[in-house]
Amino acid sequence: MTEHYELIIYEKKDGVATITLNRPKVLNALNSSILKEIWDALQDAEADESVRVIVITGAGDKAFSAGADIPELLEKSPFEARTYSIWLKDVLRYMERLQKPIIAKINGFCLGGGLELAMACDFRIASTNSRFGQPEVNLGIIPGAGGTQRLTRLIGRTKSMELNMTGEHYTAEEMYQFGLLNKVVPPEELDNATNKLIKSLMAKSAATLGIIKLAVNKGIEMPLEEALFYEAECFGIARSLEDAVEGLKAFLEKRRPEFKGK
Ligand code: CAA
C-alpha cells in the first residue's frame with residue numbers, strides 16, 4: 001500500500017474518503033503511477049470501516065481528467081499498451097464491485113480515460129463548465145477502458161457510437177440529457193450538491209447500499225431471468241440484516257431508523 005501519495009491527494013474525513021487526482025498541469029492525465037495510487041487508495045477506503053462514501057475528483061479548476069497520459073501511451077509498445085488497458089480495466093472493475101458508493105465529482109474536462117473512470121463510479125455530478133468525450137479516435141486509437149462498452153450501456157448505442165466515432169466534446173447539459181449524469185450544477189454549487197448526496201447516502205444502511213450496488217452492477221451483466229433470481233437472493237440477504245428489522249420497525253413506530261450497517 002502506498003503510504004505517501006504523490007499524484008493524488010487522499011483524505012478521509014467524517015466517513016468520506018476523497019481521492020483528488022493531482023496532476024493539474026497535465027489536466028490530471030492518468031499515467032501508470034497515478035493509477036497505482038488510485039488503486040491503493042481505493043483498497044484502503046474499502047478496508048476502512050469508518051469510510052462510508054468515496055468521492056473522486058480532479059485538482060484545479062480545469063479538469064476532472066483529460067484521459068490517459070498521451071506521452072506515456074506513445075512510449076508504450078503495443079503489448080505494454082494492452083497491459084495498461086487490462087490494468088485500467090481491473091481498477092475500474094474493482095470500483096464497480098467495491099461495496100461502498102463512489103461519487104465522481106466532475107469539475108472540468110472529463111475525456112477519454114477520465115470519462116471511463118467517471119463511468120465506473122456509481123454517481124456522476126458535474127459542474128456546468130465540464131466537457132465530456134471519447135476523443136481517442138482523434139489520436140488514431142480507441143478507448144481502452146470501457147469507452148465503447150460502459151458508455152453504450154449507460155447512454156445507448158446511438159449516442160455511444162456518435163461520441164466514440166466523432167471524438168467531439170459535449171457539454172454537461174448534453175450528457176445529462178443522454179443519461180450519463182445524475183446532476184449538473186454551476187461550479188460554485190458542486191461541493192454543496194455532492195455533500196447533499198453524501199448526506200442522503202449516510203442516512204441509509206451502509207450494508208444495504210452495498211447490496212444494492214452489487215445487485216445493480218452484477219444484474220445488468222446477466223440475462224433478465226437470472227438477474228431477477230440474483231435480486232431475490234440479494235433481497236433475502238438484505239432482509240437478514242439487523243438494519244432491515246430496524247427499518248421495518250421504525251416505519252411502524254413512526255420514527256427515523258437508526259441503521260448500524262449490520
Ligand atoms: N495526457 C497528457 N497530457 C495532457 C493530456 C493527456 N491526456 N491532456 C492534456 N495534457 C497536457 C497538455 O499537453 C498541456 O501540457 P503542456 O502545457 O506541457 O503543453 C496541458 O495538459 C494543458 O493542455 P492544453 O494546453 O492542451 O489545454 P487546452 O485547454 O488548450 O485543451 C484539452 C484542453 C481539450 C483537454 C486538450 O488538452 C486535449 O485535447 N487533451 C487530450 C484529450 C484526449 O485526447 N484524451 C484521450 C487520451 S487517450 C485515452 O484516454 C485512452 C484510454 O481510453 C485509456
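Only this structure's heavy atoms are used, side chains among them; waters, hydrogens and symmetry mates stay out. Start at 1 and go down the list; that is how both ligands and their atoms are numbered.
Around atom 50 (O) of ligand 1, the closest heavy atom drawn from Gly113, Gly167, Ala81 belongs to Gly113. Considering Leu88, Leu74, Ile70 only, the shortest heavy-atom separation from atom 41 (C) of ligand 1 involves Ile70. Scanning Gly67, Pro135, Gly144 for the heavy atom closest to atom 43 (C) of ligand 1 points to Pro135.
With a 4.0 Å heavy-atom cut-off, ligand 1 is reached by no atom of Ser85. Counting heavy atoms under 4.0 Å from ligand 1, residue Leu139 touches it through the side chain alone. Contact annotation: for Gln134 versus ligand 1, there are no heavy atoms closer than 4.0 Å.
Side-chain atoms of Ser65 and Asn28 form no donor-acceptor pair, as typed in the model, at a separation below 3.5 Å. Side-chain contact, Glu174 with Thr171: a donor N or O sits under 3.5 Å from an acceptor N or O. With no hydrogens or angles considered, a side-chain donor-acceptor pair links Glu72 and Ser32 at under 3.5 Å. In the model, Thr20 has no side-chain atom that pairs as donor or acceptor with a side-chain atom of Asn22 under 3.5 Å. A side-chain donor-acceptor contact under 3.5 Å links Tyr94 and Glu46. For Lys76 and Thr83, the side-chain atoms include no donor-acceptor pair closer than 3.5 Å.
For ligand 1, none of its N or O atoms has an N or O atom of His169 under 3.5 Å away. For ligand 1, none of its N or O atoms has an N or O atom of Leu73 under 3.5 Å away. Ligand 1 has no N or O atom lying under 3.5 Å from any N or O atom of Tyr84, backbone or side chain. At least one N or O atom of Glu136 sits closer than 3.5 Å to an N or O atom of ligand 1.
Shown here for Ile34 and Ala29, the closest heavy-atom pair between the two residues is CG2-O, 4.0 Å.
For atom 9 (C) of ligand 1, the nearest protein heavy atom (residue, atom name, distance) is Leu27 CD1, 3.8 Å. Counting only heavy atoms of the protein, atom 20 (C) of ligand 1 lies nearest to Lys25 O, 3.3 Å. Lys62 NZ, 3.4 Å is the protein heavy atom nearest to atom 27 (O) of ligand 1. Nearest to atom 39 (O) of ligand 1 among the protein's heavy atoms is Leu111 CD1, 4.7 Å. Summary of contacts: the protein heavy atom closest to atom 7 (N) of ligand 1 is Ala68 O, 2.9 Å. What sits closest to atom 10 (N) of ligand 1 on the protein, heavy atoms only, is Val26 O, 3.8 Å. The protein heavy-atom contact nearest to atom 45 (N) of ligand 1 is Ala66 O, 2.8 Å.
Counting non-hydrogen atoms of other residues, nucleotides and ligands closer than 6.0 Å to CD of Glu188 gives a total above 12. Other residues, nucleotides and ligands place no more than 12 heavy atoms under 6.0 Å from the CG atom of Leu74.
Inside a 4.0 Å radius of atom 13 (O) of ligand 1 there is not any protein heavy atom. Taking a distance limit of 4.0 Å, we find that atom 29 (O) of ligand 1 is approached by some protein heavy atom. Put simply, atom 47 (C) of ligand 1 has protein non-hydrogen atoms near it, under 4.0 Å away. In this structure, atom 3 (N) of ligand 1 is in close contact with the protein, since a protein heavy atom lies within 4.0 Å of it. At a distance under 4.0 Å, a protein heavy atom can be found next to atom 37 (O) of ligand 1. Atom 16 (P) of ligand 1 is not flagged as protein-proximal [any protein heavy atom, distance under 4.0 Å]. Counting protein heavy atoms under 4.0 angstrom from atom 53 (O) of ligand 1 gives one or more.
Under a hydrophobic clustering in which Ile, Leu, Val, Met, Phe, Trp and Tyr are joined whenever their side-chain heavy atoms come within less than 4.5 Å, directly or via other members, Leu27 and Ile70 fall into different clusters. A continuous path of hydrophobic side-chain contacts links Ile56 to Tyr5 [ILVMFWY only; heavy atoms under 4.5 Å].
Considering only heavy atoms from C-beta on, Met175 comes within 4.5 Å of Leu181 through its side chain.
The residues Lys204 and Asp243 are annotated as not salt-bridged, no charged nitrogen and carboxylate oxygen being separated by less than 4.0 angstrom.
With respect to Tyr170, the ring-ring contact (aromatic ring centres under 6.0 Å, His included) criterion is satisfied by exactly one of Phe178, Phe132, Phe109, Tyr176: Phe178.
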